[in-house]
Amino acid sequence: MGVRGRKRERKRSRKRWIISIAVAFVVLLAGGAGAIYLKLNANISTFDSAGLSKDRPKAAPADANGHTAVNVLLIGSDTRSGENGKLGGSAAGPIGRSDTTILLHVYPDHKHAVGISIPRDSLVDIPPCLLPDGKWSPDQPKAQFNSAFSMGDTAKGNPACTQNTIEKLSGLRVDHTMVVDFAGFAAMTSAVHGVEVCVPNDIYQGDMNPNLGYKGKVVLESGMQNLSGQKALDYVRVRHGVGDNSDVGRMMRQQAFLSALIGKVKGQGMNPTTLLPLADAATKSLTVDPGLGSASKLMSFGLSLKNIDLKNIQFITAPWRYDGPRIDLVHPDVDDLFGELRANRTLEGVDASGKVDAKPTSTASPSPTATVDGTGIQVGVFNGTTTDGLAGKAADRIKAAGFTVTGTSTARSQDHVTTRIEYGPADKAHATTLAKLFPGAELVPLNITGVNLVVGQDFATSAADTKAPPKPLPTTLTQQARSAATNPCEKLSYG
């Protein structure tokens, strides 16, 4: 969490990432209108995915009902090349740079979504990234997060490097990446006829430019305002004179701006008349991964967001604290936050996996955590796969439930796909008790004495995937989250 009152000077223009991220959200929402995509195709650029890491988190598998989560990385580029220089000035030069990035996690139920903001000054581990000369950079421990996008010093930036960094940090596989500059921001805000936002207090010229040397005139009056063009830029870039004057505090107002923008677009209706001029302006500033390289693909993804209620679209900043002039992410809080997303639990701990319980297909109970008492039951344990150590892991599980393990060994055949429990004529009840610890196991009667457990590949998979559930997120973190339906005058800064 932040330290209140900490002031950090910046000389560069602050017409930043919020413009880009706003465009991305609009495009995702606009994708739901089928008539739009034909006009948008020519606007969209893609980046080369060759720079994506070869050591990526596994894609989340779909469940029996076809439900899966989707992770979209939204990167704002503040390059000053081309038309962008007219909006942000040329101080930053033509090199593509990013400030704060949002990882949008759309839950498998397609009724919840959360955007995690990563502060630009966060110290993170940047993995190897592909450079323009074809070489890969070395690992960079404790590097400034936004330097990943600048790897290679090109005008378009290095989105693959930022994606690699996010995947390493979060343990989530990024399905799509979108990079947006802010050249189309003025046109976009005009297309929606302004965005209703709350200005917490009067903002003066001296707040917008601390180097001015005097207070100056009021630029933005306090209270609810409909802002577009330059006024909208002033709102999203102001840092001084509001709250704790920090970059991270300003991110809360930027999240509020996104919430208002999403509400405005959804409120105007998902129709071509409303969305075509908006999406046309937005996509002219958009670069995406090849998987979203056409408007029809954007449309398909946009449909997954179309029916999410505003109250179920949340924003939160990754847990942080100051580390000298930089920002350190707070562990284990940030790990638990991403753990909740990997488990498809909302910030409140609600299961949003979208799973529907299937009918049981065997006598085994639906959960290996069921209460089982194996006292007095002896079991021989055999590894029926080529995965080392499985017999020992299975033995530990059944010993914890009170069973007696008579020995562990390798089975005669090591091609068992499914775990089996073999039992003699007098031991069916014991075998059934043991099966409660191994959902889906086959019960096989044989002319033997006692009970044998032969673990198969299904146990190997479940053992590899079994992780302790993330701890509940601290209320000090979850209370900072805002939904797109939050009162626009709330949660606008720290301090």
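Side chains included, hydrogens not; waters and symmetry mates left out as well; all remaining heavy atoms used.
The one candidate from Glu348, His112, Gln255 that meets the side-chain hydrogen bond (donor to acceptor under 3.5 Å, both in side chains) condition with Gln314 is Glu348.
Counting non-hydrogen atoms of other residues, nucleotides and ligands closer than 6.0 Å to NZ of Lys491 gives a total above 12.
Using a 4.5 Å heavy-atom threshold, the side chains of Arg253 and Phe257 count as separate. Between Asp109 and Ser353, the closest side-chain pair of non-hydrogen atoms is not below 4.5 Å. In this structure, Met151 and Gln140 have side chains that are in contact, with non-hydrogen atoms separated by less than 4.5 Å. Between Phe315 and Ile116, every side-chain heavy-atom pair lies at or beyond the 4.5 Å cut-off. Between Pro57 and Leu172 there is no side-chain heavy-atom pair separated by less than 4.5 Å. Side chains of Phe149 and Pro159 form a contact here, defined as non-hydrogen atoms less than 4.5 Å apart. No side-chain heavy atom of Thr46 sits less than 4.5 Å from a side-chain heavy atom of Asp289. A heavy-atom distance below 4.5 Å is found between the side chains of Gln480 and Tyr494.
To the nearest 0.5 angstrom, Leu261 atom CG is 12.0 Å from Lys266 atom NZ. Distance CD1/Ile118 to CG/Leu329: 6.5 Å, rounded to 0.5 Å. Note that the CG atom of Leu74 and the CE atom of Met178 stand 6.5 Å from one another [nearest 0.5 Å]. Rounded to the nearest 0.5 Å, atoms OG1 (Thr177) and CD1 (Ile166) are 9.0 Å apart. Distance check, rounded to the nearest 0.5 Å: CZ of Arg250 to CG of Leu492 gives 14.0 Å. Taken to the nearest 0.5 Å, the CG atom of Asn164 stands 5.0 Å off from the SG atom of Cys129.
Residues meeting the side chain to side chain contact (heavy atoms under 4.5 Å, CB included) test with Asp175, sequence neighbours left out: Val70, Asn71. Shown here are the side chain to side chain contact (heavy atoms under 4.5 Å, CB included) partners of Gln414, two or more places apart in sequence or in another chain: Thr386, Thr410. With sequence neighbours excluded, the residues satisfying salt bridge (Lys or Arg N to Asp or Glu O under 4.0 Å) with Asp309 are Lys311.
A pairwise comparison of heavy atoms in Gly152 and Leu131 identifies N-CD2, 4.0 Å as the closest pair. Closest approach of Asp125 and Pro141 over heavy atoms only: OD1-CA, 3.2 Å. Among all heavy-atom pairs drawn from Ile126 and Cys161, the shortest one is CG2-SG, 3.9 Å. Scanning both residues, Leu390 and Ala460, for their nearest heavy atoms gives CD1-CB, 3.4 Å. In terms of heavy atoms, Val197 sits closest to Ala260 at CG1-CB, 4.2 Å. Ile398 approaches Phe438 most closely through the heavy-atom pair CG2-CE1, 3.6 Å.
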>> Go through it in stages, so that I can follow the logic: the residues are Ser493 and Asp244, the test is side chain to side chain contact (heavy atoms under 4.5 Å, CB included), and I'd like the CA-CA distance, side-chain angles, deciding distance and then a yes or no.
In response: CA-CA 7 Å; Ser493 184; Asp244 69 348; 3.7 Å; yes
> Does the pair Leu103 and Val174 meet the rule for a side chain to side chain contact (heavy atoms under 4.5 Å, CB included), with working shown?
Replying inline: CA-CA 9 Å; Leu103 177 63; Val174 174; 4.2 Å; yes
> Checking side chain to side chain contact (heavy atoms under 4.5 Å, CB included) for the pair Ser117/Thr101: CA distance, chi angles, key distance, verdict?
Replying inline: CA-CA 6 Å; Ser117 296; Thr101 299; over 6 Å; no
> So Asp55 and Ser53, side chain to side chain donor-acceptor pair (under 3.5 Å) or not? Walk me through it.
Replying inline: CA-CA 5 Å; Asp55 183 22; Ser53 174; 5.6 Å; no
>> If you apply the rule side chain to side chain contact (heavy atoms under 4.5 Å, CB included), what do you find for Ile327 with Leu123, and how did you get there?
In response: CA-CA 6 Å; Ile327 287 174; Leu123 297 175; over 6 Å; no
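Geometrically, Arg326 does not engage Phe145 in a cation-pi contact defined by less than 6.0 Å to the ring centre and at most 45° from the axis.
Looking at Gln144, its side chain never comes within 3.5 Å of a backbone N or O of Asp121 through a donor-acceptor pair. A donor-acceptor contact shorter than 3.5 Å is absent between the side chain of Ser150 and the backbone of Asp153. Formation of a donor-acceptor pair under 3.5 Å by the Tyr107 side chain with backbone atoms of Thr68 is not found in this model. At distances below 3.5 Å, at least one donor-acceptor pair connects side-chain atoms of Lys264 with backbone N or O atoms of Val192. A donor-acceptor contact shorter than 3.5 Å is absent between the side chain of Arg120 and the backbone of Ser147. Counting only distance, with no hydrogens or angles, the side chain of Asp458 and the backbone of Thr419 share a donor-acceptor pair below 3.5 Å.
A donor-acceptor contact closer than 3.5 angstrom links the side chains of Thr385 and Asn383. Side-chain contact annotation: Ser413 with Asp415, donor-acceptor N/O pair under 3.5 Å present. Side-chain contact of Asn344 with His105: a donor-acceptor pair under 3.5 Å is present, judged by distance alone.
Using a 4.0 Å cut-off between a side-chain N of Lys or Arg and a carboxylate O of Asp or Glu, Asp323 and Lys142 qualify as a salt bridge.
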